[in-house]
*Asks:* 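Just dropping this structure here.
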Amino acid sequence: MSPSANEAGPAHRAGPRLAVVGNPENRRVALFGAAVAGFGLPEPRVVSWEEVLRSGGAGFAADEVVRIDSPGENPAVDRLLRGTGDPTRVEGSARWYAGFMSAVRTLRGGRRLDDPDELAVLFDKRRCHAVLTAAGVPVPASPTSAEGAREAAPVAVRGWDDVRALMRAHRMPRLFVKPAHGSSASGVLAVEPAGAGRIRATTSVELTPDGRLFNSLKIRRYEREQDVAAIVDALAPDGLHLERWFPKASQRGRAADLRVVVVAGRATHAVVRTSASPLTNLHLGGSRGDLDEARAAVEAAGARWTEVLDVCERAAACFPNTLCVGVDLLPAVGWRRFAVGEVNAFGDLLPRLTGLPGSGAEGRDTYAAQVAAILRHPPPTASATTPTATVTAAARLARQAAPYDPLNPQDPQDPQDRQHSQDPQDPYRTGTTDVSA
């Protein structure tokens with residue numbers, strides 16, 4: 001869909017002034033620039049992450065609308081953030097998080113599309129899980145953050161022994177172990193029983209004989225517990241988030257979930273991801289499924305598709321000062337119950353995907369939908385942002401954690417002393433929303 005006459009008129013060509021903090025060579029920046037050009041607006045000013053990191057910040061005019069984009073896929077930027085010259089290494093996500101959040105807070109002025117306090121929560125899976133839980137958004141049960149909304153620091157997991165103890169304490173034989181500050185399934189392990197007291201883990205992590213961890217595009221299965229323990233022990237210093245394994249629905253014999261993009265509070269784009277493994281990420285061998293087929297399965301189960309999208313919009317509403325998020329929605333077996341797996345600050349990279357019918361973004365990609373939203377409701381200046389009650393919850397969680405050093409997490413009270421209402425025989429009791437009539 002081309003911009004309407006109103007959206008592409010002379011007033012819009014004259015403004016607003018847009019700026020992007022990103023990696024200039026990256027396709028994300030190019031796709032956003034193309035969307036801006038499609039509305040007849042001036043080319044966005046691009047400020048590189050490398051410049052921000054090397055110079056100690058960047059300033060923006062009061063009338064510039066500032067988009068913060070991913071610092072990923074740039075070896076020089078990755079080296080500055082993580083302190084390693086090898087971007088394929090898995091370790092170092094806590095240092096990356098600390099460096100990224102410090103860099104975000106050196107940006108001065110402008111009218112922001114991404115709130116720094118909300119970004120701090122979005123890039124900590126434990127705190128994000130706690131905010132969603134506090135807001136009543138359905139999520140898989142977690143022993144590391146189920147009560148985190150009342151804590152200044154998340155529950156520490158110091159290694160495989162702690163994971164094993166939490167599995168026993170919460171009767172959680174199948175779970176996902178995730179780096180707290182990871183992305184793109186880096187370092188994620190899907191752990192399950194393998195019979196006779198043994199366990200196995202499915203992951204994209206390559207464990208070398210000398211104990212180093214590397215990202216790989218190949219899905220691996222580790223059948224020896226000592227290998228799983230070695231991976232977890234190497235990841236633990238960066239912080240770990242544990243979640244009960246959520247038995248997902250399937251499409252044509254493959255595990256399925258959805259990435260739903262929410263722009264300005266409205267679900268505008270959705271894609272089904274399917275995989276033969278528990279990890280559905282497209283870069284790990286997952287493939288796009290059939291959205292119409294998924295919608296038909298939802299409705300055949302007695303649920304309403306609009307209420308499925310409503311779950312995603314409720315998750316995005318926890319971060320109202322962030323224009324766009326990508327919500328990973330997990331459908332339970334039978335397509336009747338749903339839970340939010342993650343909320344992604346940079347979850348809009350879905351090239352050539354156009355908007356959902358009735359979303360207002362029909363015919364537009366995710367970037368054009370965001371430009372249209374900016375034109376409808378430009379953000380306030382950074383100094384004039386008035387937090388809502390919901391964003392205050394996310395901001396409070398980030399500010400409570402200000403003394404927390406992700407490179408040296410404190411050891412909180414033993415989480416096994418807490419009471420949990422989750423029925424171990426029913427993974428859906430407290431962790432999903434039933435959207436059937």
Side-chain angles (χ1 to χ4, degrees), residues 1-53 55 57-74 77 100 103-116 118-119 261-266 268-269 316 319-326 345-351 355 360-361 363-385:
M1 175 188 292
S2 300
S4 68
N6 289 335
E7 290 171 325
H12 287 154
R13 282 196 295 271
R17 298 170 60 193
L18 294 166
V20 182
V21 183
N23 295 326
E25 78 289 350
N26 194 273
R27 56 182 173 163
R28 293 174 180 269
V29 172
L31 287 167
F32 183 72
V36 170
F39 282 84
L41 297 170
E43 182 179 355
R45 179 166 75 98
V46 178
V47 177
S48 76
W49 276 117
E50 185 170 7
E51 176 187 346
V52 170
L53 291 164
S55 64
F60 299 90
D63 63 340
E64 278 188 296
V65 177
V66 183
R67 169 185 170 87
I68 297 176
D69 219 327
S70 170
E73 299 180 327
N74 182 300
V77 171
F100 174 64
V104 167
R105 297 188 187 283
T106 65
L107 305 177
R108 305 175 301 277
R111 306 166 73 177
R112 306 296 181 82
L113 300 178
D114 312 86
D115 180 81
E118 293 179 2
L119 282 175
V261 176
V262 181
V263 177
R266 188 167 189 178
T268 57
H269 298 74
F319 307 96
N321 285 345
T322 298
L323 176 67
C324 175
V325 295
F346 303 138
D348 54 0
L349 183 60
L350 296 169
R364 292 179 174 148
D365 68 9
T366 59
Y367 298 96
Q370 291 173 71
V371 176
I374 294 167
L375 294 177
R376 287 195 302 270
H377 301 290
T381 59
S383 60
T385 300

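Just so you know, these numbers come straight off a predicted model, no measurement behind them. Numbering starts at 1 and runs along the sequence shown.
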*Asks:* If every non-hydrogen atom of P351 is compared with every non-hydrogen atom of L31, which pair is closest and at what distance?
*Replies:* CG-CD1, 4.4 Å

*Asks:* Within a strict 4.5 Å, meaning less than it, do heavy atoms of the L375 and P16 side chains meet?
*Replies:* yes

*Asks:* Taking N321's backbone N and O only, do any of them form a donor-acceptor pair with E118's side chain (distance below 3.5 Å, no angle check)?
*Replies:* yes

*Asks:* Return the set of residues passing salt bridge (Lys or Arg N to Asp or Glu O under 4.0 Å) with R28 (not counting sequence neighbours), or none when no residue passes.
*Replies:* D348

*Asks:* Among all residues two or more places apart in sequence or in another chain, which pass the ring pair (Phe, Tyr, Trp, His ring centres under 6.0 Å) test with F100?
*Replies:* W49, W96, F123

*Asks:* Report yes if the side chains of V65 and L113 come closer than 4.5 Å at any heavy-atom pair, otherwise no.
*Replies:* yes

*Asks:* Pick out which of L107, L119, T322 makes a side chain to side chain contact (heavy atoms under 4.5 Å, CB included) with R112.
*Replies:* L107

*Asks:* Measuring from I68:CD1 to D114:CG, what's the distance to the nearest 0.5 Å?
*Replies:* 5.0 Å

*Asks:* Shortest non-hydrogen contact from V47 to A58?
*Replies:* CG1-CB, 3.9 Å

*Asks:* Mind checking the CZ-CD1 spacing from R111 to I374? Nearest 0.5 Å is all I need.
*Replies:* 10.5 Å

*Asks:* Please give me the minimum heavy-atom distance between Q370 and C324, naming the atom from each residue.
*Replies:* OE1-CB, 3.4 Å

*Asks:* Considering residues at least two apart in sequence or located in another chain, which fulfil the side chain to side chain contact (heavy atoms under 4.5 Å, CB included) criterion with A368?
*Replies:* A35, F39, R364, D365

*Asks:* What residues form a side-chain hydrogen bond (donor to acceptor under 3.5 Å, both in side chains) with R45, not counting sequence neighbours?
*Replies:* E64

*Asks:* Find out whether S70 and N26 are in side-chain contact, i.e. whether some heavy atom of one side chain is under 4.5 Å from a heavy atom of the other.
*Replies:* no

*Asks:* If I compare all heavy atoms of V77 with all of P71, which pair ends up nearest, and what's the gap?
*Replies:* CG1-O, 3.5 Å

*Asks:* Mind checking what makes side chain to side chain contact (heavy atoms under 4.5 Å, CB included) contact with P24, not counting sequence neighbours?
*Replies:* V46, S48

*Asks:* If we ignore angles and hydrogens, is there a donor and acceptor under 3.5 Å between the side chains of N74 and E25?
*Replies:* yes

*Asks:* Run the side-chain contact (heavy atoms from CB on, under 4.5 Å) test on V21 and F60 for me, step by step, so that the C-alpha distance in whole Å, both residues' side-chain angles and the decisive distance to 0.1 Å come before the verdict.
*Replies:* CA-CA 11 Å; V21 183; F60 299 90; 3.6 Å; yes

*Asks:* List the residues meeting side-chain hydrogen bond (donor to acceptor under 3.5 Å, both in side chains) with E50, not counting sequence neighbours, and say none if there are none.
*Replies:* R54

*Asks:* Can you give me the closest heavy-atom contact between A316 and V325, atom names plus distance?
*Replies:* CB-CG2, 3.6 Å

*Asks:* What pairs with T366 under side-chain hydrogen bond (donor to acceptor under 3.5 Å, both in side chains), at least two apart in sequence or on another chain?
*Replies:* none

*Asks:* Could you check whether any side-chain heavy atom of F32 comes within less than 4.5 Å of a side-chain heavy atom of V371, counting everything from C-beta outward?
*Replies:* yes

*Asks:* Who are the side chain to side chain contact (heavy atoms under 4.5 Å, CB included) partners of A264, not counting sequence neighbours?
*Replies:* L323, A373

*Asks:* So, using side-chain hydrogen bond (donor to acceptor under 3.5 Å, both in side chains) as the criterion, who are the partners of D69 when residues are at least two apart?
*Replies:* R67

*Asks:* Does the pair V29 and N23 meet the rule for a side-chain contact (heavy atoms from CB on, under 4.5 Å), with working shown?
*Replies:* CA-CA 7 Å; V29 172; N23 295 326; 5.6 Å; no

*Asks:* Could you report the tightest heavy-atom contact between D63 and R17, atom names first, then the distance?
*Replies:* OD1-NH1, 2.9 Å

